[in-house]
J.: 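Before anything else, here's the structure in question.
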Amino acid sequence: MLSEPRSGRLAAWGNALLAGLVSPDDAVLAVVGEDAVHRVVGLPGEAAPVGLTLALGRLRALGVQGLRVALPVPGHPLGLSGPAEFNARALEAEEAVVCVGAALGLVPEVHEAGPSGDVRVEVVWHCLPVREAPPADVPSLGEAERELAEALREATEALTRLDVAGSGPVAEAAVDAYRARAMASRGRDVLAPGYPPRAVRVLELAERVGALVSLAGGSGHGGAVSASEMAGRAGALRPVERTARRARVAAYNSVVEERGRGA
């Protein structure tokens, strides 16, 4: 959970484009980011892969009014509504975008090539039919914010119990990297134009919680000296990670949910 999901960028900037708040070129530039290129396959009416600019325009023509994010993992189909083929692809990628207004969804497939230090990343978005139904287990923005406040306390306490700072140079480097990431994220645009300040706040907090969970889960045994203690650590962190994922989805989807309430 340390990196921004591509589905989040596509949904956020796609929503800004659909609302007329950004130009197609600016939206696509933000979605692609540091990747080399993004293409879409399986788009209705297109026999061959197309670029993101054409794909977003075609989705609008097909009736798409908004884009939601799904961040599922095995046992937790967060943001999905079916059918089985789409859910399976989304679970494999651990992310997807679900269209509002047309029964379509997009799942990224990432290809990397090139030597270390000069890796070229190409992303193919597979457009597939989805079931028009409420997404699974997505909280409101208010619920997500309340849950995150408690989750951050739990993650911090778990990290302290692991005694990460005393578990060697690798863990110390991880702590330094987390702090540097927290500093770098201040002031950056974490969402596209049109999102409410509360969504930005929730997403930033969710990223902090996710970073703490990744740090605690990747620090070797930490303070755990027995199998039962290691199992207890994993059990304590699992619901915290789940809360952070739910909050990220709530933040990315908040614009669509607000439009739905207004309608």
J.: State which residues pass side-chain contact (heavy atoms from CB on, under 4.5 Å) with V110; sequence neighbours excluded, sorted by chain then number.
T.: R6, E112, V121, V123
J.: With distance as the sole test, does R201 use its side chain to make a donor-acceptor pair with the main-chain N or O of E145 at under 3.5 Å?
T.: no
J.: State whether the side chain of N15 and the backbone N or O of L67 hold a donor-acceptor pair below 3.5 Å, judged by distance alone.
T.: yes
J.: Hey, are the side chains of R248 and L203 touching, using non-hydrogen atoms and a 4.5 Å cut-off?
T.: yes
J.: If you take all heavy atoms of A70 and S7, which pair is closest and at what distance?
T.: O-OG, 4.3 Å
J.: Is the closest side-chain heavy-atom distance between E122 and R39 below 4.5 Å?
T.: yes
J.: How close do Y195 and A12 get, heavy atom to heavy atom, and via which atoms?
T.: OH-CA, 3.4 Å
J.: Less than 4.5 Å apart, any side-chain heavy atom of L17 and any of P24?
T.: yes
J.: Apart from V124 itself, what residues make up its hydrophobic cluster, given side-chain heavy atom links below 4.5 Å?
T.: V41
J.: Starting from V31, can I reach L21 by hopping between I/L/V/M/F/W/Y residues whose side chains sit under 4.5 Å apart?
T.: no
J.: Do E257 and L141 have side-chain heavy atoms sitting under 4.5 Å apart?
T.: no
J.: Taking R146 first and then E150, would you say they form a salt bridge - that is, a charged N and a carboxylate O separated by under 4.0 Å?
T.: no
J.: When you measure from the side chain of Y252 to the backbone of R68, do you find a donor-acceptor pair of N or O atoms at a distance under 3.5 Å?
T.: no
J.: In Å and rounded to the nearest 0.5 Å, what is the CZ to CD distance from R245 to E241?
T.: 4.5 Å
J.: Are V130 and L128 grouped together when hydrophobic residues (ILVMFWY) are joined by side-chain heavy atoms under 4.5 angstrom apart?
T.: yes
J.: Identify the heavy atoms of V138 and P135 that sit nearest to each other, and give their distance.
T.: CG2-CB, 4.0 Å
J.: Compare every heavy atom of L18 with every heavy atom of V64, then report the nearest pair and how far apart it is.
T.: O-CD2, 3.8 Å
J.: Transitively linked via ILVMFWY side-chain contacts under 4.5 Å: V22 with V32?
T.: yes
J.: Kindly say whether G33 contributes a backbone atom to a donor-acceptor pair with the side chain of R9 at under 3.5 angstrom?
T.: no
J.: Heavy atoms, side chains only, cut-off 4.5 Å: are V40 and E46 in contact?
T.: no
J.: Identify the two heavy atoms, one from L148 and one from A244, that lie closest to each other, and give their separation to 0.1 Å.
T.: CD2-CA, 4.1 Å
J.: Looking at every heavy atom in both A251 and L191, which two are closest together, and how far apart are they?
T.: O-CD1, 4.4 Å
J.: Does the side chain of L78 reach to within under 4.5 Å of the side chain of R246, using non-hydrogen atoms?
T.: yes
J.: For residues L91 and V97: do they belong to one hydrophobic cluster (side chain heavy atoms under 4.5 Å, members Ile, Leu, Val, Met, Phe, Trp, Tyr)?
T.: no
J.: How about V69 and E95: do any of their side-chain heavy atoms sit closer than 4.5 Å?
T.: no
J.: Is it the case that over 12 heavy atoms from other parts of the model lie below 6.0 angstrom from the CD atom of E109?
T.: yes
J.: Does any non-hydrogen side-chain atom of L10 lie less than 4.5 Å from one of L52?
T.: yes
J.: Under 4.5 Å between side-chain heavy atoms, counting indirect links through other Ile/Leu/Val/Met/Phe/Trp/Tyr residues: same cluster for W13 and L104 or not?
T.: yes
